[in-house]
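All values reported here derive from a predicted model rather than from experimental measurement. Heavy atoms only: backbone and side chains are in, while hydrogens, waters and symmetry mates are out. Reminder, nothing fancy here: chain letters follow the sequence lines and each chain counts from 1.
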2 protein chains.
Amino acid sequence: MARLPEYLRALHALAEVGHETVSSEGLANAAGVNSAKLRKDLSHLGSYGTRGVGYDVGLLVDQIEFVLGLTQRRAVALVGVGNLGHALAGYDGFASRGFRIAALLDAEPSRVGEQINGLVVRHIDELPRVAVEESISIGVIATPASAAQAVADQLVAVGVTSILNFAPCVLSVPEGVDVRKVDLAIELQILSFHEHRKASLTALPATGGSALTALPGGLAATDTQEAIGT
Amino acid sequence: MARLPEYLRALHALAEVGHETVSSEGLANAAGVNSAKLRKDLSHLGSYGTRGVGYDVGLLVDQIEFVLGLTQRRAVALVGVGNLGHALAGYDGFASRGFRIAALLDAEPSRVGEQINGLVVRHIDELPRVAVEESISIGVIATPASAAQAVADQLVAVGVTSILNFAPCVLSVPEGVDVRKVDLAIELQILSFHEHRKASLTALPATGGSALTALPGGLAATDTQEAIGT
DNA sequence: AGGCGCTTGTGAAGGGGTGCACAAATCGCG
DNA sequence: CGCGATTTGTGCACCCCTTCACAAGCGCCT
Ligand SMILES: NC(=O)c1ccc[n+]([C@@H]2O[C@H](COP(=O)([O-])OP(=O)(O)OC[C@H]3O[C@@H](n4cnc5c(N)ncnc54)[C@H](O)[C@@H]3O)[C@@H](O)[C@H]2O)c1
Ligand SMILES: NC(=O)c1ccc[n+]([C@@H]2O[C@H](COP(=O)([O-])OP(=O)(O)OC[C@H]3O[C@@H](n4cnc5c(N)ncnc54)[C@H](O)[C@@H]3O)[C@@H](O)[C@H]2O)c1
């Protein structure tokens, strides 16, 4: 389930406040989901709750971390140390969530050798060696879209089977390799769609509808994420 | 539909190569989806295809951009010009996709006045004035999680009804306000889950299963995104 | 003008996620 | 020891998305 990481973050937050147990409703609120959904999700990994009491925070953290494969600190290779790559390399939020940025790679000779956060940028050609030395488990692509497919091929060639892609393009990879994409422009466009839809809906009853703005109202706003009412 | 932006990007790419028309299958491949799904999606916004020929690229681009509300270039306010904020502010991919970063805001006095990409960082207190001056339509939060809720409240207060949140926390906003979240650690954790699952599945037939690794195999890998086979 | 091939648009079937509502189980208290 | 309050785990119904498959429509070639 893609919601487990969300639960995990909420659980860590609760643990810091001192909670030892949480009810499904409490955790559901903290994670922003339905309590029934949360219980069903957790039941998929076993019965780790106590009826009448709730869930043991520490136990649940361990269980989720195990299921997510975070018992071992996974090594991440970041390819493309440009604008975005610098921000990612300097981010400490990965280390605190079970990951270790083990390598920074770039094709630009002028960038090679640069030191960021205690890590030296190495040339992409060294990827095969770095991959085995650091036992890379996840590759992050932060190169321009034109280079993304080539980089993905190189990552796959050295045995990486999980890729996080920031370039706005679709990657073609062999079966068995997982790719997740993060495209910020798409996120903004989805928000723009909702803005347009909201504007149309409020304008319609007043103006009677201009026939131009009537169209978006007929589209279901089926997103991956939903608005959170208060 | 959350896939429309993906189609739009693929269409732009096809237009640059010189294609005037595309078949549903061609566009589906470029966007990485099923052709039937694509046809059904497009049918929701009207019949803009010609049987036996395909879709007119230019016409389809216009239609999708209209539905997404991209006919007007939306103004974006970026709050939190730190590590990540700098990368976002310097990114040219927003401008080419229908958005305009209209304001950079931060609470840190030492950051105020800094110039990035021709834009001056202003203090967060100026948000009310900036919002009306630039007619801000979307707010982007790139502050630490501890400040995210406060920033969201300020954005809502000045009339922003769409927020893109990079801070790893759930935001509580009034009904009618849309929030989308991007959490990179969660993306990595989902990849880690798949790594763990793959490792378990390949180990099981060989070793007979260690009962410890058997658990994740029973979890459906139900993600927002799916692996792309070749 | 007519036929043929290609592509769209859609009906129907299937699958899966979601949320309600409730039984079972546990703890605390009298 | 028993009872009530509380909370988990889950059966079930509903709904939406996905996908197959096919008829209808369009252009082109003869
Ligand atoms: N900057 C952002 O905020 C942002 C936001 C969303 C998406 N993106 C996307 O992220 C990607 C990177 O953006 P950026 O702003 O950092 O671009 P950038 O040009 O600043 O950095 C790209 C880096 O990749 C390196 N590179 C190019 N080809 C390479 C190759 N074959 N192997 C290894 N390294 C290679 C370049 O040397 C450069 O250092 C782009 O696809 C962009 O669309 C960036
Ligand atoms: N850097 C990354 O690559 C990255 C990746 C994923 C997520 N994030 C998340 O993005 C957020 C920002 O990350 P960062 O690395 O840029 O942090 P950062 O500390 O470098 O930058 C945060 C900025 O926000 C400003 N700020 C703090 N409180 C504010 C307020 N109330 N109003 C306006 N501005 C305020 C600070 O002055 C600072 O400039 C964090 O929540 C982080 O978890 C960052």
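Between the OH atom of A:Y7 and the P atom of D:dT8 there is a distance of 13 Å, given to the nearest Å. Between B:D41 atom CG and D:dC16 atom P the separation is 16 Å, expressed in whole Å. As a whole-Å value, the separation of B:L38 CG from C:dT7 P is 14 Å. In this entry the distance linking CG of B:L42 with C1' of C:dT8 reads 10 Å, nearest Å. In this structure, the CD atom of A:E25 is 14 Å from the P atom of C:dA21, given to the nearest Å. Note: CG (A:L45) to P (D:dT10) measures 12 Å, nearest angstrom. Atom P of nucleotide C:dG9 and atom NZ of B:K37 are separated by 18 Å, given to the nearest angstrom. At whole-Å resolution of the value, CD in B:E20 and C1' in D:dG27 are 16 Å apart.
Looking at B:K40, its side chain comes within 3.5 Å of the base of D:dT19 through a donor and an acceptor atom.
The 5' end of DNA chain C is approached more closely, in terms of each residue's nearest nucleotide, by A:M1 than by the other of A:M1 and A:R39.
You'll find that the side chain of B:A36 is closest to D:dA21, out of D:dT8, D:dG9, D:dA21. The side chain of B:S23 has C:dT8 as its nearest neighbour among C:dT8, D:dG9, D:dT7.
One finds no side-chain N or O of A:Y55 lying less than 4.0 angstrom from the OP1 or OP2 phosphate oxygen of D:dT6. One finds no side-chain N or O of B:S24 lying less than 4.0 angstrom from the OP1 or OP2 phosphate oxygen of C:dT7. Residue A:R3 has a polar side-chain atom (N or O) positioned under 4.0 Å from OP1 or OP2 of C:dT18. An OP1 or OP2 oxygen of D:dC17 is reached within less than 4.0 angstrom by no side-chain nitrogen or oxygen of B:N34.
Pairs of residues two or more places apart, or lying in two chains, never qualify as salt bridge (Lys or Arg N to Asp or Glu O under 4.0 Å) while including a residue from residues 13-26 of chain B.
Using a 4.0 Å heavy-atom criterion, one finds that A:S35 contacts no nucleic acid atom at all.
Using a 4.0 Å cut-off between charged nitrogen and carboxylate oxygen, A:K181 and B:E187 do not count as a salt-bridge pair. A salt bridge does not link B:R197 with A:D178: none of the charged nitrogens is closer than 4.0 Å to a carboxylate oxygen.
The heavy-atom pair separating B:L68 from A:Q189 by the smallest distance is CD2-O, 4.1 Å. Residues B:S192 and A:R74 approach most closely at OG-NE, 2.7 Å, considering heavy atoms.
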**Report entry** Annotated protein contacts, base or backbone, on nucleotides 23-30 of chain C with a non-hydrogen cut-off under 4.0 Å, one of B, S, - each
**Finding:** -BBBS---
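Side-chain contact between B:K37 and B:D41 is present, with at least one heavy-atom pair separated by less than 4.5 Å. Side-chain contact check for B:F94 versus A:L188: some heavy-atom pair is nearer than 4.5 Å.
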